[in-house]
Amino acid sequence: MKTQYDAVIVGSGPNGLAAAITMLKAGKTVAVIEAKETIGGGMRSKELTLPGYVHDVCSAIHPLGIASPFFAKLPLKEHGLEWIFPPVLLAHPFDDGSASIVKRSITSTVRTIDPNDSEAYYRLMQDMSSRWYQIADDILGPLRFPRHPFALLSFGIGAIQSAKNFAERHFKNFRAQALFAGLAAHSMIPLERPLTAAFGIILGTLAHVTGWPLPKGGSQAITEALRSYISSLGGEFYTNTPVASLSELPDSKAVLLDITPKQILQIAGDRLPEAYRKKLEAYRYGTGVFKVDFATNSPIPFKNDGCRQAGVVHIGGTFDEILESENMVWSGKNPKFPLVLLAQQSLFDTSRAPEGKHTVWAYCHTPNGSTEDRTEVIENQIERFAPGFKETIIAKHSMNSMDFQSYDPNYIGGDINGGVQDWRQLFTRPVISLRPYKTPVKGLYICSSSTPPGGGVHGMCGFHAAKQALKDVFNLKAKL
Ligand SMILES: Cc1cc2nc3c(=O)[nH]c(=O)nc-3n(C[C@H](O)[C@H](O)[C@H](O)COP(=O)(O)OP(=O)(O)OC[C@H]3O[C@@H](n4cnc5c(N)ncnc54)[C@H](O)[C@@H]3O)c2cc1C
């Protein structure tokens, strides 16, 4: 490792890599230091079950990636990234064999929604889709005076509500309500809490604006494209280098930490003023995840035809069922019938499994730090809507919340969002500040998903943190 860089990035998740790119584009020298053997954080793929079966260890589906204003400006296609768009983006099956089916076109989606709800769904999605880019400009970063107040207001009126309130007010039939619950449950907080509707509206809208694609070859392909671009700009990588203290880093004018408050306290706590340290200590982490990857000898035999064509299937039954299971997780218990978030990548990407064989990615939420084995519970939920699924399994690989933390130290207790994303902590992460990326230590910045706009593979936290560092340290203005 050289002894001097303009900027050192600790951690190579999407946000660390986005911070590196922003610095490099401004002409700065950059080193990215990663604890693990390979870079990528939550964007890595691996043969977890059997040779020839490529599974996404963490992220798999990328509405936030394709909609990211930061990624949109990068030549990722030239660096090998290819998005695949399944014909059905999302399916949500029910016990009677029916399913809510979300396609890219709002009109096609409306046909699968109960006639009583089709107008409400159409109006909502048409309105939000037409304003999406203005809304995105105001919500995918730190708090500031809105640039598009009218668009933000029309989004905000619904977004601040609880998912329960919103679904009950907007939709009459259980199918549309349940569809909304599955989307909103990505918040990983109880669906009766304010702001949970925001997650449902955003993810639903993105289905129609950009789609919910998967990268050809797995999420690793995003990492490879970013790595290739960073190398072309002269950035350097150091892997197998867990940083235990800031004093281990080469000299630099700026350090950007793609890690969460708990780890920041460990590696930089001695340099932080007490008041700031206390705020980081009070930072709250959310629920965890349990995930199973399956290798199967046929596609999942879903009863519903739409589910058999879907990139993602939300398996959790009705709104009330999802509400109850998510509440249980929040209160520290593992439900018998959890919401299972499932992706079937190999149906659309033949590079993922040997000919005729398949991969399935499925996870459910668990209490933070839970080590309970949820493999059978997940299998039972899939079997409920796809009788015969269990017989198709050739091999499986499970990871509990603590396995995720060992795999990526940012997933504290299995929290995949870098901290709770409720109204108290979504835009005020990790502390209440108009410049949340900046720490009180000169030249030290936080760029992980523990800063706005939070979890997901979009790189916006990294971009905003690097933008702040460029302004403060180098007196430079970064543009997307
Ligand atoms: C099971 C699962 C499913 C998910 N599904 C999706 C999905 O489908 N779509 C989506 O958009 N998002 C998904 N996510 C969330 C997404 O992966 C994260 O929100 C995202 O990766 C966060 O990016 P980040 O850069 O902030 O941190 P990370 O991606 O977590 O990267 C942090 C990096 O820092 C490294 N690091 C930590 N401590 C140190 C240290 N001391 N020294 C050096 N390096 C260190 C870690 O090893 C890691 O490589 C999922 C996550 C999981 C676990």
Side-chain angles (χ1 to χ4, degrees), residues 61-72 85 88-92 100-114 116-141 143-144 146-173 175-187 189 191 193-213 311-312 314 319 421 423 426-427 452-456 458 460:
I61 304 294
H62 295 281
L64 300 172
I66 191 136
S68 161
F70 177 75
F71 284 171
F85 294 86
V88 171
L89 309 178
L90 168 67
H92 188 123
S100 292
I101 300 293
V102 178
K103 295 188 178 179
R104 180 76 174 268
S105 134
I106 302 176
T107 316
S108 308
T109 304
V110 158
R111 285 192 207 115
T112 77
I113 304 277
D114 188 88
N116 286 321
D117 288 326
S118 50
E119 202 189 321
Y121 186 91
Y122 186 86
R123 255 191 290 117
L124 172 68
M125 290 304 163
Q126 192 65 36
D127 183 36
M128 290 297 116
S129 303
S130 66
R131 299 172 198 262
W132 168 252
Y133 289 101
Q134 293 183 329
I135 297 167
D137 196 25
D138 278 325
I139 63 169
L140 297 180
L143 276 182
R144 60 155 195 227
R147 284 195 190 135
H148 312 281
F150 293 115
L152 193 63
L153 185 68
S154 79
F155 166 69
I157 288 169
I160 56 164
Q161 296 178 36
S162 73
K164 184 169 173 6
N165 245 346
F166 188 89
E168 283 174 358
R169 278 195 194 163
H170 275 74
F171 304 122
K172 298 187 179 74
N173 184 274
R175 289 189 188 88
Q177 289 180 350
L179 175 70
F180 194 75
L183 292 167
H186 284 264
S187 62
I189 46 181
L191 301 182
R193 300 270 173 112
L195 214 66
T196 41
F199 291 80
I201 297 171
I202 292 172
L203 287 174
T205 302
L206 286 183
H208 302 302
V209 177
T210 54
W212 283 23
V312 177
H314 283 166
F319 191 104
Q421 301 193 126
W423 67 272
L426 185 56
F427 288 101
H458 45 66
M460 293 305 291

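Owing to the predicted nature of the structure, the values given are computational and were not obtained by experimental measurement.
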Check: L203 and P63 side chains under 4.5 Å, non-hydrogen atoms: yes

Contact check, side chains of I160 and W423, non-hydrogen atoms, under 4.5 Å: no

Backbone of P146 reached by a side-chain donor or acceptor of D138 within 3.5 Å: no

Evaluation steps, side chain to side chain contact (heavy atoms under 4.5 Å, CB included), between R104 and F85: CA-CA 9 Å; R104 180 76 174 268; F85 294 86; 4.2 Å; yes

Test item: Q421 side-chain N/O and G455 main-chain N/O as donor-acceptor pair under 3.5 Å: yes

Within the 6.0 Å centroid threshold, strictly below: H148 and F155: no

Min side-chain heavy-atom separation H458-P69 under 4.5 Å: no

Whether over 12 other heavy atoms sit under 6.0 Å from E168 CD: yes

Side-chain heavy atoms of I201 within contact of F180, under 4.5 Å: yes

Pair R111-S118, side chain to side chain contact (heavy atoms under 4.5 Å, CB included): steps then yes or no: CA-CA 7 Å; R111 285 192 207 115; S118 50; over 6 Å; no

Any residue meeting side chain to side chain donor-acceptor pair (under 3.5 Å) with R175, in chain and number order, not counting sequence neighbours: D96, S98

Side-chain heavy atoms of I66 within contact of W212, under 4.5 Å: no

Under 3.5 Å: donor-acceptor pair, side chain of S130, backbone of D127: yes

Parallel, tilted or perpendicular: ring planes of H186 versus H314, cut at 30 and 60 degrees: tilted

Check: H92 main-chain N/O paired with S100 side-chain donor or acceptor under 3.5 Å: no

Test item: L90 and L179 side chains (from C-beta on) under 4.5 Å apart, heavy atoms: yes

Parallel, tilted or perpendicular, as decided by the 30° and 60° cut-offs, for the rings of F171 and Y121: tilted

Stepwise side chain to side chain contact (heavy atoms under 4.5 Å, CB included) check, F319 with K164: CA-CA 8 Å; F319 191 104; K164 184 169 173 6; 4.0 Å; yes

